[in-house]
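The model shown is predicted, which means the values in this text are computed figures rather than measured ones.
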Amino acid sequence: LSGLDEVVEIAAKVNGLRCFTTIAPASDALPYHENFERLRGRISQVAAVLAKQNIRLGLDFQPAPSAREGKEHEFIHDFDALLKLVEGVSRDNVGLMIDPWQLHACAVSFDQVSQLAVERIVYVQLADAPADKPAAALSEEDRTSPGAGGVDLAGFIKRLIDLEYNGPVTPVIHPSQFPGK
């Protein structure tokens, strides 16, 4: 936290008013409840510094089972648990990084996202998934460009429009999808 004020000032000067961080889905160090409380406190501290410059923080999760392999303690790896962390932080400038690929991977309907206040959506990433692969078996390498057919990206974008979301939308495709390029 010691150098964060300076970084936040610079970000605000270049209109960098949104950022996100990905929550590790497992840990070898702490069981779930201890990890939750530690992280809730840290995010709250960071959010307080970001709030000085009106910067919003989106929290992201990793649903793929491969991201938890070999770890002693599972942690946040689904939408509902991430939402509980955001609510636990209780800061207006902390919300969600929404990714329809992730929602698809953990069987969350876009209706659940539609029920959020639009202010809770800080950042959006887009990726499709292979239509022929079960959602529960997806790995990060299965992040494909729109058109693969596994995720209803058009429906998701329509929900964002209905919510009047006006933030960043970034495609995030795994590098393995571009062999030799």
Side-chain angles (χ1 to χ4, degrees), residues 11 14-28 32 35 39 43 55-86 94-181:
V14 298
N15 205 28
L17 302 179
R18 295 177 192 232
C19 59
F20 70 90
T21 189
T22 302
I23 306 302
S27 166
D28 283 329
Y32 193 101
N35 201 0
L39 193 56
I43 290 169
I55 296 175
R56 298 178 62 206
L57 173 63
L59 302 182
D60 182 24
F61 70 102
Q62 294 177 306
S66 59
R68 300 186 301 276
E69 286 177 2
K71 298 290 184 181
E72 187 173 345
H73 307 286
E74 287 196 359
F75 194 52
I76 294 172
H77 60 273
D78 64 40
F79 183 75
D80 290 334
L82 185 67
L83 193 52
K84 284 185 172 98
L85 179 61
V86 168
V94 175
L96 300 162
M97 195 289 297
I98 302 288
D99 180 338
W101 182 91
Q102 292 173 330
L103 300 176
H104 174 73
C106 61
V108 172
S109 77
F110 296 154
D111 291 336
Q112 285 180 266
V113 174
S114 297
Q115 294 172 13
L116 294 172
V118 71
E119 297 80 27
R120 280 297 193 199
I121 303 173
V122 175
Y123 198 95
V124 172
Q125 290 185 338
L126 290 178
D128 207 341
D132 59 348
K133 190 163 189 178
L138 292 174
S139 68
E140 287 294 320
E141 290 78 16
D142 294 315
R143 285 181 168 280
T144 63
S145 57
V151 181
D152 178 14
L153 294 177
F156 178 76
I157 295 293
K158 183 179 179 335
R159 299 288 173 123
L160 290 178
I161 291 168
D162 291 346
L163 287 170
E164 298 181 7
Y165 173 73
N166 67 353
V169 178
T170 305
V172 179
I173 295 130
H174 195 271
S176 67
Q177 299 297 318
F178 304 101
K181 295 181 182 178

Got a second to check how far [X]'s [atom1] is from [Y]'s [atom2], nearest 0.5 Å?
| X | Y | atom1 | atom2 | result |
| --- | --- | --- | --- | --- |
| H174 | E140 | NE2 | CD | 6.5 Å |
| Q125 | I173 | CD | CD1 | 10.5 Å |
| H73 | K71 | NE2 | NZ | 11.0 Å |
| L103 | D78 | CG | CG | 11.0 Å |

With side-chain hydrogen bond (donor to acceptor under 3.5 Å, both in side chains) as the test, would you mind laying out the steps for S27 and Y32 before giving the verdict?
CA-CA 8 Å; S27 166; Y32 193 101; over 6 Å; no
How close do [X] and [Y] get, counting heavy atoms only, and between which atoms?
| X | Y | answer |
| --- | --- | --- |
| P100 | L153 | CG-CD2, 3.5 Å |
| I55 | C19 | CG2-SG, 4.1 Å |
| V122 | R18 | O-NH1, 2.7 Å |
| L163 | S114 | CD2-O, 3.4 Å |
| R68 | A26 | CA-CB, 4.0 Å |
| P65 | A136 | CG-O, 3.7 Å |

In L59, L85, D60, the residue satisfying side chain to side chain contact (heavy atoms under 4.5 Å, CB included) with I76 is L85
Less than 4.5 Å apart, any side-chain heavy atom of [X] and any of [Y]?
| X | Y | value |
| --- | --- | --- |
| L138 | W101 | yes |
| F110 | D152 | yes |
| V169 | L126 | yes |
| L39 | F75 | yes |
| Q62 | T22 | yes |
| H77 | C106 | no |
| I98 | L116 | yes |
| I43 | I23 | yes |

Could you check whether atom NZ of K133 has more than 12 heavy atoms from other residues, nucleotides or ligands sitting under 6.0 Å from it?
yes
Kindly determine whether R159 and D111 satisfy side chain to side chain contact (heavy atoms under 4.5 Å, CB included), including the steps that lead there.
CA-CA 8 Å; R159 299 288 173 123; D111 291 336; 2.3 Å; yes
Trace of the side chain to side chain contact (heavy atoms under 4.5 Å, CB included) decision for L96 with Y123:
CA-CA 7 Å; L96 300 162; Y123 198 95; over 6 Å; no
Short question: side chain of [X], backbone of [Y] - any donor-acceptor pair under 3.5 Å?
| X | Y | answer |
| --- | --- | --- |
| R56 | F20 | no |
| Q102 | F61 | yes |
| Q177 | E141 | yes |

Tell me whether K158 is salt-bridged to D162, with the criterion being a basic N under 4.0 Å from an acidic carboxylate O.
yes
Side-chain ion pair, R143 and D128, N-O less than 4.0 Å
no
E164/V118 under side chain to side chain contact (heavy atoms under 4.5 Å, CB included): CA gap, chis, key distance, verdict:
CA-CA 7 Å; E164 298 181 7; V118 71; 5.5 Å; no
Trace of the side chain to side chain contact (heavy atoms under 4.5 Å, CB included) decision for L57 with T21
CA-CA 8 Å; L57 173 63; T21 189; 4.2 Å; yes
